[in-house]
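First comes the structure, then the notes that go with it.
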Amino acid sequence: MNKGCCVGAILSNGEGIRLLDSDGHNQPSNTSYQVGQIWDLTFTYRTEITEPHNEDVLVINSTFKGNVANLQDYLEKKLKVKIWKGTHNNLFDNKIRWTNNGSGYISVRTGLPEHSVGFYISDTDITFEDNHYVFGSDTSKKIASVTLQTQVDIPAGTLIRVSLARWWKPEDVDMEERCYVQLSGWY
């Protein structure tokens, strides 16, 4: 992201959170948090929440504890995290709509999902083309990449983290604000 990293985490009760610094900013690009790590966190929930971005927490202190061997098993079996599976239409409680140029988004008009971050396992390969990820042969649907990982094609069956960008609309266009779908990482 242009102002740091969107770092997600899952609490031991399966609740998804988004780790902001103690001042409410995204984590820096050189964050210590890495995929598959376990941390002991002291945090407070952000008081100013704008749905569907209800996962924001302000991290006060953190201590590294270890690594998870198999992230998908850990999420599904130990933490009981819901993982969207199948077509891209299943993302975000089936509330994603697509612009004429293929970008996925949600809006107040289309209905808000319960959360702004989640995990997904696609039933088709996802390829990286023209700075976006596209779903198999359906090149009319695309999502932006905000991961720090190298941009590569992602095979079907891979665990993927997806997120919704903050509310936005172009300044020079008369349209509703939207949250666009982003691919945040794969494991």
For K82, all residues meeting salt bridge (Lys or Arg N to Asp or Glu O under 4.0 Å), sequence neighbours excluded: D93
Close side-chain approach of V181 and I96, heavy atoms under 4.5 Å: yes
P28 backbone acceptor or donor facing T31 side chain under 3.5 Å: no
Side-chain donor/acceptor of N90 to backbone N/O of K85, under 3.5 Å: yes
Side-chain heavy atoms of R97 within contact of S103, under 4.5 Å: no
Flag side-chain contact, heavy atom, 4.5 Å: N61 against L41: no
Closest non-hydrogen atom pair, V59 against F43: CA-CB, 4.0 Å
Euclidean distance, L183 CG relative to S122 OG, rounded to 0.5 Å: 10.0 Å
Side-chain heavy atoms of V134 within contact of I126, under 4.5 Å: no
Main-chain N/O of E51 paired with W167 side-chain donor or acceptor, under 3.5 Å: yes
Closest approach of Q37 to Q34 (non-hydrogen atoms, all atoms of both residues): OE1-N, 2.9 Å
Within 6.0 angstrom of D174 CG, more than 12 heavy atoms from elsewhere: no
Single-linkage hydrophobic cluster I160~V152, side-chain heavy atoms < 4.5 angstrom: yes
Residue pairs involving residues 55-79 (criterion ring pair (Phe, Tyr, Trp, His ring centres under 6.0 Å); sequence neighbours excluded): W39-F64
Atom pair CD (E55) and OG (S116), whose distance is rounded to the nearest 0.5 Å: 3.5 Å
Flag, side chain of D125 to backbone of A156, donor-acceptor distance under 3.5 Å: yes
Minimum heavy-atom distance between S12 and L79, given as atom pair plus value: O-CD2, 3.5 Å
Closest non-hydrogen atom pair between R46 and R166, with its separation: NH1-NH2, 4.1 Å
Show every donor-acceptor pair shorter than 3.5 Å between a side-chain atom in residues 105-114 and any protein atom, with sequence neighbours excluded, or say none if there are none.
{"from": "Y105", "atom 1": "OH", "to": "R109", "atom 2": "NH2", "distance (Å)": "3.3"}
{"from": "S107", "atom 1": "OG", "to": "R109", "atom 2": "N", "distance (Å)": "3.4"}
{"from": "S107", "atom 1": "OG", "to": "T110", "atom 2": "N", "distance (Å)": "3.2"}
{"from": "S107", "atom 1": "OG", "to": "T110", "atom 2": "OG1", "distance (Å)": "3.4"}
{"from": "S107", "atom 1": "OG", "to": "E176", "atom 2": "OE1", "distance (Å)": "3.4"}
{"from": "S107", "atom 1": "OG", "to": "E176", "atom 2": "OE2", "distance (Å)": "3.3"}
{"from": "R109", "atom 1": "NE", "to": "E176", "atom 2": "OE1", "distance (Å)": "3.2"}
{"from": "R109", "atom 1": "NH2", "to": "E176", "atom 2": "OE2", "distance (Å)": "2.9"}
{"from": "T110", "atom 1": "OG1", "to": "S107", "atom 2": "N", "distance (Å)": "2.9"}
{"from": "T110", "atom 1": "OG1", "to": "S107", "atom 2": "O", "distance (Å)": "3.0"}

Gap between atom CG of L11 and atom CD1 of I17 - 0.5 Å precision: 4.0 Å
Sequence neighbours excluded - ring pair (Phe, Tyr, Trp, His ring centres under 6.0 Å) pairs with any residue from residues 109-130: F128-Y133
Check: H132 side chain, G102 main-chain N or O, donor-acceptor pair, under 3.5 Å: no
Side chain to side chain contact (heavy atoms under 4.5 Å, CB included) against T44, all qualifying residues, sequence neighbours excluded: L58, I60
Side-chain donor-acceptor contact under 3.5 Å, Q182 with S184: no
Geometric class of the W84/F92 ring pair [parallel <30°, tilted 30-60°, perpendicular >60°]: tilted
W168 vs R178 side-chain heavy atoms within contact, under 4.5 Å: no
Side chain proximity check, D123 to T87, heavy atoms < 4.5 angstrom: yes
Main-chain N/O of D23 paired to D21 side chain as donor or acceptor, under 3.5 Å: yes
Heavy-atom pair of closest approach, residues P170 and M175: CD-SD, 3.8 Å
More than 12 heavy atoms of other groups within 6.0 Å of K78 NZ: no
Whether over 12 other heavy atoms sit under 6.0 Å from D130 CG: no
Rounded distance [0.5 Å steps], OG in S62 versus CG in D40: 9.0 Å
Set of side chain to side chain donor-acceptor pair (under 3.5 Å) partners for D73, sequence neighbours left out: N70
